[in-house]
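Proteins come first, then strands; the chains are lettered A, B, ... in the order of their sequence lines, and each starts at number 1.
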Amino acid sequence: MRYHRPRGTQDIPPDEAPRWRFVEKTFRDLCRRFDYGELRTPVFEETELFVRSVGEDTDIVSKEMYTFEDKGGRSLTLRAEGTAPTVRALIEENLQGQDRERLVKMYYVAPIFRQDRPQAGRYRQHHQAGIEAIGSSEPAVDAEIIDLALTFFEELGIEGTRLLINSVGCRDCAPQFVDTLKASVADAVDSMCRDCQRRYDTNPLRLLDCKQEVCREVTENAPMMLDLLCGECECHFDGLREHLEALAIAYEIDARIVRGLDYYTKTAFEFRHEALGAQDSIGGGGRYDELIKQCGGPDLPAVGLGAGIERILMVREALGLRDEDEPRDGSFVVAIGDDAWFPAYRLLHDLRREGVKAEIDYRRRSIRAQMRYADSQGYLNAVLLGGDEIAKGIATVRDMISGEQEEVPLEGLAEYLKERREG
RNA sequence: GUGGGCGUAGCUCAAAGGUAGAGCACCUGACUGUGGCUCAGGUGGCUGUGGGUUCGAUUCCCAUCGCCCACCCCA
């Protein structure tokens, strides 16, 4: 083995690709029903886009980006996250159009690159199915996005998804909260873990989700953002809850959900599944009302979501939801004897042109070997062609499930095979 | 970036200081124009890589690479 795939990446061989296609198809179909349009953006962007939107102090920007310089000396970064490119495209392509009030709804399925240390459920290249709804501050839209995600999981057969919601406030109330939080913890900072001592200065909100026992004790009685929301944010959060309840969506309020990206305002949410290990989040998102303006666009509020395809596949695996074996289909042309080779080769060509999935054994082996191969590879029919058939202008079609055989004239063979597939 | 575990046939795994074995898979045949069951036979491994100890290492030691798991954080 000379070459390896880069650490943290995966090959998806042909026998696994159908699982991916199923998840993607389910998502795309759902997006169509919810009326989200697909947006495709480049795999790399200007580095600054991520730095400025995600935030300099976040883990993503400070240590996880795949950044490189092109020959013109520009700093570029492989897509580290899905929202920033969407916002960039919205502004750059003027996707909003003339109707400033219009709700722009877009989705994407794209690879995401982060240079983390790989572990169960964490890859350096992973894939996210995401949606963004731009142009409304209505909590009904937040709820729609959560609804779409939960419907997505359900249609994939995934049960037992937990929904955690929180509000991280806005430009007005969040800073005040941070001050209050720091004040309440100030006396105990020295007793907290090293990371938290650093966070106290760099990213105080993170103090709340430290898993260290000591730190949890310190923050146990700390103020909660939810208690200090400004009137507007509180109203929005209540509105979200009302809409979720209207849809009979169960949720848990978890004041420690903060999310690792700086642009979130008001709503933050996360989906978790216990079937996974330490990395149990299968999706998450929130509102980013300031981001678009901050990126140089119009002042538009927005909400979005990203779901991890690898983790969804892992949950399906853990729940025993592996797709059933593909049903048998296609025809295997069996050439009987050397004289039958060219007629069989020609028949293969004709069948394919007429819309039939067909294959032949290029090794020109014994009939027994050809039949065994046709069986093990899951073909539905064996189309036998030998001296007898050629003389009569027919082919012998063998049903590989029942073993029944029928002689079929060559002229109608393609149609016959296509019908059999349906039946 | 830090810590722990593991690297033997295509796959899942054994063995043991004296140069490796099973099951599955694959191939051929019994069945001379026919798969799935059965039986017989067969292909396949410089035991991750490089050093060291030893008469001798795949087995012991060191390093290195790779994979896995956990921390941080996220999908």
Take the protein atom [atom1] of [X] and the nucleotide atom [atom2] of [N], then report the distance between them rounded to whole Å.
| X | N | atom1 | atom2 | answer |
| --- | --- | --- | --- | --- |
| A:Asp116 | B:A70 | CG | C1' | 13 Å |
| A:Ile60 | B:C73 | CD1 | P | 13 Å |
| A:Leu276 | B:A75 | CG | P | 14 Å |
| A:Arg124 | B:C73 | CZ | P | 18 Å |
| A:Met314 | B:A75 | CE | P | 16 Å |
| A:His126 | B:C73 | NE2 | P | 17 Å |

Name the nucleic acid region contacted by A:Ala120, choosing base, sugar-phosphate or nothing; use a 4.0 angstrom heavy-atom cut-off, strictly under.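 Since only primed, P, OP1 and OP2 atoms lie under 4.0 Å of A:Ala120, the category is sugar-phosphate.
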
Residue pairs involving [range] (criterion ring-ring contact (aromatic ring centres under 6.0 Å, His included); sequence neighbours excluded):
| range | result |
| --- | --- |
| residues 116-148 of chain A | A:Trp20-A:His127 |
| residues 395-417 of chain A | none |
| residues 368-401 of chain A | A:Phe332-A:Tyr373, A:Phe332-A:Tyr379 |

Taking A:Pro118's backbone N and O only, do any of them form a donor-acceptor pair with A:Asp116's side chain (distance below 3.5 Å, no angle check)?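 Pair absent, no side-chain N/O of A:Asp116 close to backbone of A:Pro118.
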
Quick check against the 3.5 Å criterion: does A:Thr265 have a side-chain atom that pairs as donor or acceptor with the backbone of A:Asp289?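 Checking the backbone N and O of A:Asp289 against the side chain of A:Thr265, a donor-acceptor pair under 3.5 Å is found.
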
side-chain contact (heavy atoms from CB on, under 4.5 Å) partner of A:Asn381, the single match among A:Arg420, A:Glu406, A:Gln405, A:Lys357: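 Of the listed residues A:Arg420, A:Glu406, A:Gln405, A:Lys357, the side-chain contact (heavy atoms from CB on, under 4.5 Å) partner of A:Asn381 is A:Arg420.
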
Nearest-angstrom distance, [atom1] atom, [N] to [M]:
| N | M | atom1 | result |
| --- | --- | --- | --- |
| B:A30 | B:U19 | C1' | 37 Å |
| B:C31 | B:A40 | P | 16 Å |
| B:A57 | B:C61 | P | 16 Å |
| B:G36 | B:A14 | C1' | 31 Å |
| B:A63 | B:G5 | P | 13 Å |
| B:C71 | B:C62 | P | 28 Å |
| B:C60 | B:U54 | C1' | 10 Å |
| B:A70 | B:C55 | P | 45 Å |

So, do A:His127 and B:A75 meet the stacking rule of ring centres under 5.5 Å and planes under 30°? no

Side chain to side chain, A:Val141 and A:Lys105, heavy atoms closer than 4.5 Å: no

Can you find a pair of side-chain heavy atoms, one from A:Phe113 and one from A:Thr77, that are under 4.5 Å apart? no

By salt bridge (Lys or Arg N to Asp or Glu O under 4.0 Å) - contacts of A:Arg117 (at least two apart):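 With sequence neighbours excluded, A:Arg117 shows a salt bridge (Lys or Arg N to Asp or Glu O under 4.0 Å) to no residue whatsoever.
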
Applying salt bridge (Lys or Arg N to Asp or Glu O under 4.0 Å), name anything that partners A:Asp29, two or more places apart in sequence or on another chain. A:Arg32, A:Arg33

A:Met106 vs A:Ile131, side chain to side chain contact (heavy atoms under 4.5 Å, CB included): CA-CA, chis, key distance, verdict: CA-CA 6 Å; A:Met106 297 188 285; A:Ile131 59 177; over 6 Å; no

Tell me, please, which residues at least two apart from A:Tyr251 pass ring-ring contact (aromatic ring centres under 6.0 Å, His included). none

Mind checking what makes ring-ring contact (aromatic ring centres under 6.0 Å, His included) contact with A:His236, not counting sequence neighbours?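 Scan of A:His236 (ring-ring contact (aromatic ring centres under 6.0 Å, His included), adjacent residues dropped) gives none.
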
Taking only N/O atoms, report every protein-nucleotides 64-67 of chain B pair under 3.5 Å with atom names and distance.
| residue | atom | partner | partner atom | Å |
| --- | --- | --- | --- | --- |
| B:C67 | OP2 | A:Arg7 | NE | 3.0 |
| B:C67 | OP2 | A:Arg7 | NH2 | 3.1 |

Base-pair string, RNA chain B, Watson-Crick plus G-U, cut-off 3.5 Å on both distances, | for inter-strand, is (((((((..((((.......)))).(((((.......))))).....(((((.......))))))))))))....

Sort me out a list of protein N/O and nucleotides 2-11 of chain B N/O pairs below 3.5 Å, or just none if empty.
| residue | atom | partner | partner atom | Å |
| --- | --- | --- | --- | --- |
| B:U2 | O4 | A:Arg117 | NH1 | 2.6 |

If only side-chain N and O atoms of A:Gln279 are considered, is one of them under 4.0 Å from the OP1 or OP2 phosphate oxygen of B:A75? no

More than 12 foreign heavy atoms under 6.0 Å from CZ of A:Arg346: is that the case here?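 It does not: A:Arg346 CZ has 12 such atoms or fewer within range.
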
In B/S/- notation, 5' to 3', how is nucleotides 28-41 of chain B contacted by protein heavy atoms closer than 4.0 Å? SSBB-BBBB-----

Classify the side chain of A:Glu64 and the base of B:C73 as holding, or not holding, a donor-acceptor pair under 3.5 Å.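 Answer no: no donor N or O sits under 3.5 Å from an acceptor.
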
Per the salt bridge (Lys or Arg N to Asp or Glu O under 4.0 Å) rule, what does the pair list look like for residues 130-142 of chain A, sequence neighbours excluded?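 Passing the test, one end in residues 130-142 of chain A: A:Asp142-A:Arg287.
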
